[in-house]
Structures are given as structure tokens and as C-alpha cells.
Amino acid sequence: LCLILTAKLAMFLQGLVKSGVQTMRSALVASRSMGVLTLKSMNQQVVSARYEVRGAIPILAEQIEKELQNGSTEYPFDRIVYANIGNPQALKQIPVRYFREVISLLELDDELNDEEKIKEFRTVFNDDVVDRALAYFRLPARIGAYSGSTGLPLVRKEIASFIEKRDNDGVKCNPDNIILTSGASEGIALLLETIIANPSVGIMIPVPQYPLYSATITLNDGRAVDYFLDEEMGWSMNLPELQRSIDAARANGIDVRSLVVINPGNPTGQTLTWDAIKAAITFASENNLIILADEVYQANVYNDKFPFYSFRQVLNSMPECKDTVELVSYHSLSKGMIGECGRRGGYMELMNLDKGVLAQINKRVSISLCSNVTSQVMMGMLCDPPKETDGSYKMLISQVSAIKASLKRRANKLSKAFNSFENMDCQEPYGAMYLFPRVYIPNKAIVAAEAQNLEPDMMYCMDLLKQTGLCVVPGCGFGQKEGTFHFRCTILPPEEELDDIMSSVEKFHNDWMAKYAD
């Protein structure tokens with residue numbers, strides 16, 4: 001009897017095991033059919049990150065553009081004007097010739113070892129172009145090869161010299177504190193990744209802000225600590241607001257470690273005064289914060305009453321802070337008059353950071369091997385352009401001056417036009433490449449937007465795109481005070497096209513406001 005019972009129990013247990021294995025196999029097959037990586041299983045910080053500069057409206061613009069290319073006559077325009085992003089050459093800005101000439105010679109590589117070829121090059125290009133290419137080539141700087149992780153030594157020296165001349169304060173710049181990066185964005189992301197050690201770490205960011213910051217903070221599971229710029233005072237930064245912001249964050253248990261400043265401002269176009277920068281540095285010193293100074297628009301200044309001052313220059317003028325306040329400053333190829341966005345070139349200078357931290361940052365940089373070497377060379381040329389005695393100088397100055405004068409005219413023309421619209425205000429632009437007008441959206445439109453599950457300024461910008469072909473970014477993508485609505489528009493559309501663009505925008509705006517009038 002015992003043997004019979006034992007056998008039956010064994011058969012029962014064996015059946016259970018087979019059934020369990022089959023169930024597990026079925027579950028595994030089902031999970032495989034869904035994919036290992038799903039929207040639910042993937043990193044939720046990526047899902048949460050938001051970057052409206054290339055978000056819903058630019059995506060819709062690309063879709064409409066494809067329809068137009070396929071012959072659609074559904075829209076009252078025949079092309080898209082991408083004013084959503086600071087991308088000058090995409091909007092017909094002509095590249096500065098000198099930089100392209102030097103790069104073109106470096107692309108020929110080994111022909112720069114041939115004396116006969118070099119003589120031939122000198123019949124086509126100015127001597128200073130050929131000499132500059134040879135100087136980089138003989139480093140050697142083979143643009144198809146990796147450089148050292150922090151960048152070419154000669155380029156870092158050229159950048160250090162540029163910084164010394166720019167600030168003109170007699171303070172030496174150590175090339176060892178400079179790291180070449182693939183655009184300023186890479187350096188910003190690297191420092192935020194380094195600072196955000198745990199989910200309680202907070203980073204103070206201006207609002208409105210360039211969404212690279214909020215998105216990268218989210219990706220690293222940090223906490224964005226907003227401080228509001230004062231729109232009525234030309235988007236200025238003020239100390240009471242900084243203090244309110246940090247006090248509120250720390251009261252909520254946030255470990256605030258860094259202050260981000262964008263100067264000149266993106267998306268707001270303000271340029272900080274010397275005193276404002278000094279107050280920010282004092283605030284950082286008193287609150288034990290590392291400053292991240294985004295200065296990529298330092299050449300884009302259009303009002304002589306508000307010149308650009310670097311955070312480094314102001315810091316070095318403050319004996320009580322200059323050796324203690326940690327500062328990381330950024331510059332880029334993408335902006336200024338050169339506008340070489342697609343090159344992805346930039347640098348960061350690190351001041352007063354702990355040596356151990358610098359070693360870890362250098363290690364982190366080495367994981368990516370190096371930044372784009374062609375862009376490193378171009379960054380060196382941006383920082384050390386031709387001298388007055390060089391053959392390329394006159395052409396360079398002529399091109400750069402013409403671009404800057406045109407940008408200033410476009411900035412003023414667009415701001416004047418926006419200010420002429422009913423239910424719209426636009427602060428005067430002092431720098432950068434953007435305007436950030438405020439739209440007074442009627443309650444009826446707000447209700448209509450809520451019904452579509454859209455932010456009101458998102459709906460405005462979508463309708464603007466569908467009616468005019470102008471692609472801009474809603475203020476909700478940059479942050480704004482509750483109850484206010486804005487959009488960011490670059491000043492980059494070609495000057496000869498502005499009248500037609502703004503005429504269609506004015507008609508749209510007036511019709512839209514009439515449609516939703518309370």
C-alpha cells in the first residue's frame with residue numbers, strides 16, 4: 001500500500017512540475033513576443049525627460065514638410081520655416097570661408113607632406129590658410145584619428161590665450177583646465193551627471209530655461225530647482241528670487257549643489273550686468289554652490305549698453321571668492337557668427353575644482369575617447385582667428401561683421417513686429433538668437449486647449465504652424481510663471497524673407513485672437 005501511494009504521489013508531483021515548466025515556458029514566449037525592452041520596462045527617466053525644442057511641434061513640422069514635398073495643397077504655404085532651434089546655416093547663413101578653407105586642406109591629409117602640393121595650395125589659398133593647416137597637421141593633428149581625451153594641446157593653448165585676451169584682466173588661464181567637448185551640451189551633461197550623486201541633489205536652473213538642463217537633470221534622476229527671471233525687468237536675475245528658490249528647496253529636503261546661469265539668455269535674450277554676475281557669485285559662495293556658466297552666446301550681443309562679461313572675469317575680480325568658488329564655463333562653435341552647429345564643437349573651462357574630481361572628470365571624458373577632432377581644430381581657429389597682417393583677415397572681418405549686423409537688424413525687426421500685435425508683449429533682445437514674446441491667451445482658448453489635453457501656448461504654436469508654416473517652440477517647453485504663455489522664435493530666418501513671414505504671422509494672430517475672443 002505504501003509503495004502504491006508513493007508511486008501515485010510521485011506521478012502527481014511530476015505532473016505539477018511539468019505543468020509549472022509549461023506555464024513558465026508560455027510566459028517566457030509571451031514576454032519575448034512583447035520584447036525585452038518595452039515602454040514600461042525601459043529607464044523611466046528617459047520617458048520622463050522632455051525636450052520641446054525637438055518635440056511635438058517640430059515633429060509635426062517635419063510631417064507637414066513631407067506632405068508638401070509629396071505635392072500636398074492642403075496648407076496655405078509651400079514650405080516650413082524652422083525657427084524652433086538656433087541652427088543658422090539651416091536658415092541660409094553662409095559659412096565663414098576661412099574656417100572651411102583650413103579644414104578643406106586638413107581633409108587632404110598626406111598631401112600636406114608634399115612640398116609641390118603645398119606650393120600649389122598657396123596659389124589657391126592665402127598663405128595664412130596654408131600655414132594654419134600645416135601647423136595643425138604637423139602637431140600631428142590627423143582629423144581622422146583620435147586625439148587625447150581632453151583635446152589637442154595646441155587648441156587648448158589657443159583657447160586659453162583667447163580667454164586671457166577676452167577677459168583682459170591679467171589672469172592666466174591654464175590649458176590643463178580646458179576640455180574640448182562635442183558641443184557645449186556634452187560638457188554640460190557631463191558635469192550634471194557628475195554633480196547629481198543621488199536623487200536628492202538639486203540643480204538651480206533659470207525659468208525660462210534651455211530644456212537641455214531640465215531634461216538632463218531628469219535623466220540623472222536629480223531635482224530641478226527653479227528660479228524665475230523677471231520678465232518685467234527684461235528677464236533679469238535677482239538675488240531675492242535666488243534666495244527664495246534655494247530656501248524652499250532646502251526646506252523640502254533637497255540637497256542644492258549647483259547654480260546654472262545662461263548668459264546671454266536662452267530663450268530670453270537678456271545679457272547680465274557686471275553687478276548681477278557679482279551678486280550671483282556671492283550667492284553661490286554663501287550657499288556652497290558650483291556655478292555652471294553657459295556662455296555660448298557671448299559673441300551674440302546687440303546692445304552696446306549691455307556688453308558681455310564672463311563669469312570668470314567677474315570671479316577673478318573678487319578676492320574673497322576667486323580661489324574658492326567652483327566655476328565651469330562653456331563655449332561653442334554652434335553660435336556666435338560662425339554657426340557651425342553640425343560640427344558639434346565646444347569647450348569647458350574648470351576653475352577651483354578638487355584635483356580628485358578633475359581626475360574623475362578626465363576619466364569620464366576618456367570613456368568617450370575624444371570629441372570630434374575637426375571641430376577641435378575649428379574651435380582653435382574661432383579662438384585664434386587671423387591677425388590684421390594675414391591675407392584672410394579682411395574677408396573674415398567682412399563676413400563676421402555682416403552677419404552680426406544682420407542678426408541685430410533681424411532681432412530688432414522681429415521684436416518690434418511682435419510688440420505691434422495686440423495681446424502680445426516682447427522684451428527687447430540684448431543678446432543670443434531668440435525672442436520670447438508673451439501671448440495673452442483668452443479664456444476661451446484656454447478651455448479649448450484643455451479639451452484637447454494641450455497647454456494653451458502649445459495649441460497656439462500648433463495652429464501657427466498649420467496656418468503659416470512657421471515652426472516655433474511653446475513657452476511651456478522652457479518653463480514659465482503659472483498663468484503666463486509664451487513662445488520662443490529664433491531671429492535666424494533670412495532677412496529678405498522676414499516681411500512676408502511676419503505678415504502671415506500677424507494675420508494668423510489676429511484671426512486666432514478673434515476666434516477665441518471672450
Side-chain angles (χ1 to χ4, degrees), residues 53 85-107 129 132-133 136 141 143-144 147 149-163 165-166 173 175 178-191 210 212 262-264 266 292-301 308 310 328-349 365 368 370-386 392 396-397 399-401 403-404 407 431-434 490-492:
V53 170
I85 193 167
N87 195 11
Q89 293 184 27
L91 288 169
K92 302 182 182 180
Q93 180 172 303
I94 298 173
V96 176
R97 186 175 180 85
Y98 171 78
F99 302 108
R100 294 297 184 92
E101 289 181 344
V102 175
I103 293 299
S104 70
L105 288 175
L106 287 170
E107 291 284 1
V129 170
R132 190 64 173 273
Y136 286 125
I143 58 177
S147 71
S149 297
T150 56
L152 295 166
L154 175 58
V155 171
R156 291 160 71 198
K157 288 178 182 177
E158 289 170 334
I159 293 169
S161 178
F162 159 77
I163 290 170
K165 291 174 183 176
R166 179 199 66 192
C173 176
I178 293 168
I179 297 176
L180 277 297
T181 57
S182 296
S185 298
E186 181 183 61
I188 291 164
L190 190 151
L191 258 292
Y210 177 46
L212 165 69
I262 308 173
N263 180 46
N266 175 9
L292 303 186
D294 183 339
E295 298 175 338
V296 301
Y297 296 98
Q298 59 189 262
N300 297 95
V301 177
F308 169 78
S310 74
V328 183
S329 304
Y330 299 93
H331 198 10
S332 170
L333 286 179
S334 300
K335 311 308 175 186
M337 306 309 120
I338 182 172
E340 293 278 2
C341 303
R343 300 281 177 179
R344 307 311 300 133
Y347 74 78
M348 58 182 177
E349 183 196 12
V365 169
S368 300
C370 70
S371 63
N372 183 298
V373 177
T374 304
S375 299
Q376 291 184 37
V377 169
M378 195 170 277
M379 197 78 226
M381 290 188 282
L382 174 67
C383 291
D384 187 18
S392 300
L396 176 73
I397 292 301
Q399 277 193 282
V400 168
S401 299
I403 292 169
K404 186 167 186 176
L407 287 172
M433 293 180 172
Y434 313 100
T490 72
I491 62 171
L492 298 174

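Just so it is clear, the structure is predicted and the values come from calculations on it, not from any experiment.
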With rounding to the nearest 0.5 angstrom, report the [atom1] to [atom2] distance, [X] to [Y].
X	Y	atom1	atom2	result
Asn263	Tyr297	CG	OH	12.5 Å
Tyr210	Asp294	OH	CG	9.0 Å
Gln93	Leu407	CD	CG	6.0 Å
Thr374	Met379	OG1	CE	14.5 Å
Leu91	Met433	CG	CE	10.5 Å

Indicate yes or no: at least one non-hydrogen side-chain atom of [X] is less than 4.5 angstrom from one of [Y].
X	Y	result
Val377	Ile103	yes
Arg343	Asn372	no
Ser185	Arg344	yes
Ser329	Ser310	no
Cys173	Glu349	yes
Leu396	Ser392	no
Met381	Tyr98	yes
Leu191	Leu292	yes

field: Tyr347: which of Ile163, Ile179, Val155, Thr150 passes side-chain contact (heavy atoms from CB on, under 4.5 Å)
entry: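 Of the listed options, the one satisfying the test is Ile163.
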Can you name the nearest heavy-atom pair linking [X] to [Y], along with the distance?
X	Y	answer
Pro385	Leu382	CD-O, 3.7 Å
Leu492	Ile85	CD1-O, 4.2 Å
Ile403	Met337	CD1-O, 3.5 Å
Phe308	Pro264	CD1-CD, 4.0 Å

task: Report the residues that fulfil side-chain hydrogen bond (donor to acceptor under 3.5 Å, both in side chains) with Thr490, sequence neighbours left out, ordered by chain and then residue number.
output: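 In terms of side-chain hydrogen bond (donor to acceptor under 3.5 Å, both in side chains), with neighbours along the sequence ignored, Thr490 is linked to no residue.
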side-chain hydrogen bond (donor to acceptor under 3.5 Å, both in side chains) against Arg97, all qualifying residues, sequence neighbours excluded: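 By the side-chain hydrogen bond (donor to acceptor under 3.5 Å, both in side chains) rule, Arg97 matches Glu101.
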message: Tell me whether Arg156 contacts the main-chain N or O of Ile178 through its side chain, where contact means a donor paired with an acceptor under 3.5 Å.
response: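 Yes.
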- prompt: Hey, does the side chain of Ser332 reach the backbone of Ser334 with a donor-acceptor pair shorter than 3.5 angstrom?
  reply: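 Yes.
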query: Can you find a side-chain donor-acceptor pair between Ser147 and Gln376 that sits under 3.5 Å?
result: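 Indeed, the side chains of Ser147 and Gln376 share at least one donor-acceptor pair under 3.5 Å.
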message: Could you check whether Arg132 pairs with Glu158 (Lys NZ or Arg NE/NH1/NH2 to Asp/Glu carboxylate O, under 4.0 Å)?
response: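 Answer for the salt bridge query: yes.
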task: Decide salt bridge (Lys or Arg N to Asp or Glu O under 4.0 Å) for Arg100 and Glu340; before the verdict, give the C-alpha distance in whole Å, the side-chain angles of both, and the deciding distance to 0.1 Å.
output: CA-CA 10 Å; Arg100 294 297 184 92; Glu340 293 278 2; 2.9 Å; yes
